[in-house]
Amino acid sequence: MLLFGGTFDPVHFAHLNMAEQCLEHFGGDTLFFMPNRVPAHKQASGIDNADKLAMLQLAIAAEPRFAIDERELHRSGPSYSLLSLQELRSELDASGREQEPILFLLGMDSFNGFDSWYQWRDILELCHLVVYQRPDERLDPSPQLQAYLNQHQCNQGAALESKHAGLVYFLAGPQRAVSSTQVRERLQRGEPCEDLIPAAVSQYIRDKRLYMPG
């Protein structure tokens, strides 16, 4: 199972590129985007969950292999990835897919701070991490996370299928230098963003006047 959790605030081309590269690399049938409600390690965005979901739906509409898992949007309180992964693991086991690993996709920036996530070691008992590196980003983990990586990094994607959880795999591939912060800053200045986000998302933002001053 391929899973991509994040704020998607807003979703942009780098998110879509990461998801596409992950699907192509692992040959999966479906990749699930799992938007956060209130990420425990970030401040609340101020954007309504319904708008966040609508933008994500517009962004993936043309790709039938993309889907959305909405569970975190309906959770009260902060979004802890551990809770969602526990639920997903139970659902897979109950449907006879006990041997199917969960591959959790995240960017290098998120991985560098992964040991600040709620019960991060428990997360790694439920899934493998697939870390995608964006341009100009480098591996810069804490000593604690580096020690884990020294023992659990794997260099072959196929190895993720042979173990239930706990491995870290770095996925290399074409990258687009886009961040949600960059998109929001442009929107706040009233500048066009069609080179950073899908046209349908851009139109939705204009229609709803999201991220704009006043």
Side-chain angles (χ1 to χ4, degrees), residues 1-8 11 14-42 53 56 60 63-75 77-134 139 141 145 148-149 151-173:
M1 180 181 189
L2 301 176
L3 183 68
F4 187 7
T7 54
F8 307 117
V11 61
H15 292 136
L16 301 176
N17 177 61
M18 285 172 62
E20 289 166 2
Q21 294 300 318
C22 190
L23 270 175
E24 294 300 323
H25 188 79
F26 293 105
D29 296 324
T30 306
L31 180 142
F32 292 90
F33 288 79
M34 188 170 66
N36 306 139
R37 179 178 178 271
V38 182
H41 53 289
K42 295 186 179 181
L53 178 60
L56 191 52
I60 71 170
E63 175 51 83
R65 298 176 299 169
F66 289 165
I68 301 174
D69 186 313
E70 300 181 21
R71 73 184 67 223
E72 293 204 357
L73 295 179
H74 305 299
R75 199 185 301 284
S79 291
Y80 289 115
S81 297
L82 176 66
L83 303 179
S84 297
L85 288 164
Q86 288 171 333
E87 292 174 358
L88 285 164
R89 185 69 266 164
S90 295
E91 291 165 11
L92 287 174
D93 293 350
S95 63
R97 298 159 66 185
E98 298 92 340
Q99 302 304 313
E100 181 177 340
I102 298 172
L103 308 188
F104 191 49
L105 176 64
L106 70 167
M108 182 66 77
D109 54 343
S110 294
F111 178 73
N112 282 334
F114 185 70
D115 58 327
S116 69
W117 290 28
Y118 177 69
Q119 296 186 9
W120 67 276
R121 290 185 180 275
D122 291 341
I123 290 175
L124 286 161
E125 293 181 3
L126 296 163
C127 68
H128 299 304
L129 297 185
V130 176
V131 183
Y132 197 97
Q133 187 171 7
R134 293 177 181 173
L139 178 63
L145 190 56
Y148 184 92
L149 191 59
Q151 298 295 320
H152 297 92
Q153 181 178 350
C154 75
N155 298 316
Q156 299 295 326
L160 302 180
E161 298 294 331
S162 63
K163 189 175 180 181
H164 196 257
L167 299 177
V168 180
Y169 177 74
F170 290 88
L171 176 60

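- Contact annotation: the side chain of Gln119 never approaches that of Tyr80 to less than 4.5 Å [non-hydrogen atoms, C-beta and beyond].
- For the atom pair Gln153 CD and Leu129 CG, the distance stands at 11.5 Å (nearest 0.5 Å).
- Note: Leu124 CG to Asp115 CG = 10.5 Å, rounded to the nearest 0.5 Å.
- Leu103 is not listed as a side-chain neighbour of Cys22, based on a closest heavy-atom distance of 4.5 Å or more.
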Applying salt bridge (Lys or Arg N to Asp or Glu O under 4.0 Å), run through Glu70 and Arg75 and close with a yes or a no.
CA-CA 9 Å; Glu70 300 181 21; Arg75 199 185 301 284; over 6 Å; no
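- Surrounding CD of Glu98 are more than 12 heavy atoms belonging to other residues, nucleotides or ligands, all under 6.0 Å away.
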Met18 vs Leu105, side chain to side chain contact (heavy atoms under 4.5 Å, CB included): CA-CA, chis, key distance, verdict
CA-CA 8 Å; Met18 285 172 62; Leu105 176 64; 4.1 Å; yes
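- In this structure, Glu100 contributes its side chain and Met1 its backbone to a donor-acceptor pair below 3.5 Å.
- Judged by distance alone, with hydrogens and angles left aside, the side-chain atoms of His152 form no donor-acceptor pair with the main-chain N or O of Leu167 at under 3.5 Å.
- Nearest heavy-atom pair, Trp117 versus Ser81, reported as atom, atom and distance to 0.1 Å: CZ3-OG, 3.5 Å.
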Can you check side chain to side chain contact (heavy atoms under 4.5 Å, CB included) on Leu53 and Phe33, steps first, answer last?
CA-CA 10 Å; Leu53 178 60; Phe33 288 79; over 6 Å; no
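- By the 4.5 Å heavy-atom criterion applied to side chains, Tyr169 and Gln156 are not counted as neighbours.
- At least one side-chain heavy atom of Ser84 sits under 4.5 Å from a side-chain heavy atom of Met34.
- One distance of note links CD of Glu72 with CG of Leu83; it measures 8.0 Å at 0.5 Å rounding.
- Here the CG-CD distance, from Leu85 to Glu125, works out to 12.0 Å after rounding to the nearest 0.5 Å.
- A 4.5 Å side-chain heavy-atom check between Ile123 and Tyr118 finds every atom pair outside the cut-off.
- Note: Phe4 and Phe8 have perpendicular aromatic rings, judged against thresholds of 30 and 60 degrees for the angle between ring planes.
- The side-chain heavy atoms of Leu88 and Ile102, taken from C-beta on, include a pair separated by under 4.5 Å.
- Here the straight-line distance linking atom CG of Leu73 with atom CG of Asn36 works out to 8.0 Å at 0.5 Å rounding.
- Of all the heavy atoms in Gly166 and Tyr148, the pair that sits closest is O-OH, 2.6 Å.
- Across Pro101 and Arg89, no two heavy atoms sit closer than the pair CA-NH1, 4.1 Å.
- Inspection of the Gln21 and His25 side chains reveals no N or O donor paired with an N or O acceptor under 3.5 Å.
- Closest heavy-atom contact between Cys127 and Phe104: SG-CB, 3.9 Å.
- Considering only heavy atoms from C-beta on, Val130 stays 4.5 Å or farther from Phe111 through its side chain.
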Just do the side chain to side chain contact (heavy atoms under 4.5 Å, CB included) check on Val131 and Phe114 with the steps written out, would you?
CA-CA 11 Å; Val131 183; Phe114 185 70; over 6 Å; no
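- Inter-residue side-chain proximity for Phe32 and Leu2 is flagged as unmet; no heavy-atom pair is nearer than 4.5 Å.
- Minimum interatomic distance between Leu23 and Thr30 (heavy atoms only, all atoms of both residues): CD2-C, 3.9 Å.
- To the nearest 0.5 Å, atom CG of residue Asp93 and atom CD of residue Gln99 are 8.5 Å apart.
- With hydrogens and angles disregarded, no donor-acceptor distance shorter than 3.5 Å links the side chain of Ser110 to the backbone of Leu106.
- Nearest approach of Pro35 to Ile68, heavy atoms of both residues: CD-CG2, 3.9 Å.
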